[in-house]
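Atoms within each ligand, like the ligands themselves, are counted from 1 in listed order. Sequence positions, counted from 1, serve as the residue numbers for this chain.
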Amino acid sequence: MKIQAPVSKNETYTGDVVDVTYEGLGVVKVDNYSLFVTNALPGEKVKFVVTKVGKSFGFARVLEHLTKSPDRVEIPAKDRKLAQAGIAPLQHMTYDAQLRFKQHQIQSLLSKGKLDLTVNETIGMETPYHYRNKAQIPVRLVNGELETGFFRQHTHDLVPLEDFYIQDPRIDKAIVIVRDILRGQGLTPYDERTHRGIVRNIMVRQSYYEDEMMIGLITNSHTLPHAKEIVAEIVDALPNITSIIQNVNSRPTNVIMGPITNVLYGEPVIHDSLLGNRFEISAQSFYQVNPVQTEKLYQLAIDRAGLTGNETVIDAYCGIGTISLAMARHAKEVYGVEVVSTAVEDAKKNAKLNGLTNTHFETNKAEYQMAEWQKQGLKPDVIVVDPPRKGLDATLIESAAAMAPKKIVYVSCNPSTLVRDIQRFAEVGYHVTEPIQPVDQFPQTPHIESVTLLERD
Ligand code: SAH
């Protein structure tokens, strides 16, 4: 089909940034045709060059800022690579502006969905960087050398990087150390085109409240050459390490981890705490990446649930049971469901570890288990849902409503599916009764987490 755009690649223009996308890109218009521009803020006048032309929109790069927004922060030269890598796409916004951006994103999606609801100011964090407790870094060959870094956005080209800016600096340091050890032992990095080479990724998890670290080597091959030497060198260089695992992923896929995990050193898990509960976390289990903000998020969910100690609670998409256990201290019974079986094993162990006897966990798809509980006649007072980005299955909303809980607490990591699900809940008699509360779990990135309370009419 013929492209009808009013611009061509490599042309330069001057224009005003009129809006910002959900990914944090500035929007400029040429004859009503939208171009998305990195590092451009609403209100700025920019000179830009067109880099990509699509049928209904295109992309451009700023050549010069003719005026600057008061929301702008200058990015130091050493951190410019981060934008290319897509690690910190909001890095050019002041933190205050990032928090407002997140609040407005939810607000505008609600308006588009014809929902007249209030969104509170985003709850931010004091130090909005160095917060991530987990990294899964790709390992590739760059200029003849095994390198670690990040894929340039929308590609699989590795940009070598040592300072990841938003990760716990202890993780950054560990990645460089492991990279050098792998180089020294002559290990080959994975090559996606030929599906050859050994090391695909380095995974690191660091506890926040405890001095524990897990290193995972994700390999294409079942064997890890020089495993003994590699382990000895890692332990020598990083004495606080408590777990080294190898995970085998021999499939040609973008999914990072494969089905087999071997413990090479120490324990198969690391420990950390949230709201006073201690957790065992195994390599493949989901665990929130920003511990400081997660405690605020969970506390908010507990507050919205209005627990008094007498309630029966369902925690759908419970992961390793972090919300379940936090709520179990304030409720009569908590029923959790999660699809990843190792996470459910962790959840059960974690309940024991914390001396909690009022929790029950099932491995199942949440949409199936909710229907099952409904059939069994379970009568929850509160249902908490914390689904992945795609939001809730329509059948889950029906089974949830059929169990007639007083309250539904919706923890969302994607405002667009949240809005869709709020509309679906309205059809079965549940409405939002308190302002939606965003909590910034992912500073410097456009990801938006929020808590919404819905109550039965
Ligand atoms: N509440 C937990 C986990 C939230 S992340 C926490 O705060 O740590 C979402 C979880 O949903 C992940 O653990 C993922 O494995 C799980 N999941 C994804 N799809 C699912 C489904 N259809 N049914 C049940 N769990 C699912």
Side-chain angles (χ1 to χ4, degrees), residues 131-134 136 205 207-209 255-257 259 269-275 277-302 304-305 313-328 331 334-351 354 359-374 382-400 408-414 417-418 421 437 439-442 447-452:
Y131 58 85
R132 277 188 72 98
N133 60 7
K134 180 186 177 183
Q136 305 193 96
R205 249 180 180 155
S207 316
Y208 182 76
Y209 285 107
V255 176
I256 293 177
M257 294 243 213
V269 294
I270 64 165
H271 299 88
D272 209 350
S273 302
L274 280 171
L275 296 179
N277 288 313
R278 191 166 189 246
F279 292 94
E280 276 193 2
I281 309 153
S282 52
Q284 268 163 286
S285 298
F286 175 90
Y287 189 71
Q288 298 278 356
V289 297
N290 185 336
V292 171
Q293 293 300 91
T294 298
E295 292 200 320
K296 296 181 193 168
L297 181 76
Y298 287 179
Q299 189 55 55
L300 192 73
I302 293 170
R304 291 286 202 265
V313 178
I314 286 180
D315 178 15
Y317 309 88
C318 68
I320 62 167
T322 42
I323 294 180
S324 316
L325 267 52
M327 295 217 165
V334 179
Y335 293 81
V337 58
E338 158 65 44
V339 75
V340 175
S341 63
T342 53
V344 174
E345 285 164 30
D346 286 352
K348 288 179 180 167
K349 258 192 279 172
N350 288 328
N354 291 286
T359 58
H360 318 269
F361 293 101
E362 303 288 343
T363 305
N364 202 348
K365 286 200 166 181
E367 51 274 35
Y368 298 162
Q369 188 59 39
M370 292 286 264
E372 193 59 35
W373 277 326
Q374 185 212 336
V382 177
I383 296 180
V384 181
V385 292
D386 185 7
R389 290 184 58 77
K390 69 173 187 209
L392 299 175
D393 197 273
T395 62
L396 182 145
I397 294 177
E398 282 165 27
S399 338
I408 292 170
V409 179
Y410 194 137
V411 181
S412 158
C413 62
N414 182 355
T417 52
L418 170 69
D421 292 342
Q437 180 63 62
V439 180
D440 193 20
Q441 294 281 99
F442 310 100
H447 297 293
I448 303 172
E449 192 92 9
S450 61
V451 178
T452 301

request  = Quick one, list the residues around ligand 1 where some non-hydrogen atom comes in under 4.0 Å, by chain and residue number.
outcome  =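 Residues near ligand 1: Phe286, Gln288, Tyr298, Tyr317, Cys318, Gly319, Thr322, Ile323, Glu338, Val339, Val340, Asn364, Lys365, Ala366, Glu367, Asp386, Pro388.
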
ask   = In terms of the angle between their ring planes, are Trp373 and Tyr335 parallel, tilted or perpendicular, with boundaries placed at 30° and 60°?
value = perpendicular

query = Hey, which of Leu396, Ile397, Val337 is the one that makes side-chain contact (heavy atoms from CB on, under 4.5 Å) with Glu367?
reply =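 When Leu396, Ile397, Val337 are each tested with Glu367, the side-chain contact (heavy atoms from CB on, under 4.5 Å) holds only for Leu396.
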
Close side-chain approach of Tyr208 to Asn133, heavy-atom, < 4.5 Å = no

ask   = So do the side chains of Ile383 and Val385 get within less than 4.5 Å of each other, counting heavy atoms only?
value = yes

query = Which residues satisfy the salt bridge (Lys or Arg N to Asp or Glu O under 4.0 Å) test with Asp386, sequence neighbours excluded?
reply =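 With sequence neighbours excluded, Asp386 shows a salt bridge (Lys or Arg N to Asp or Glu O under 4.0 Å) to no residue whatsoever.
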
key: Gap between atom CD of Glu362 and atom CD1 of Ile314 - 0.5 Å precision   = 10.5 Å

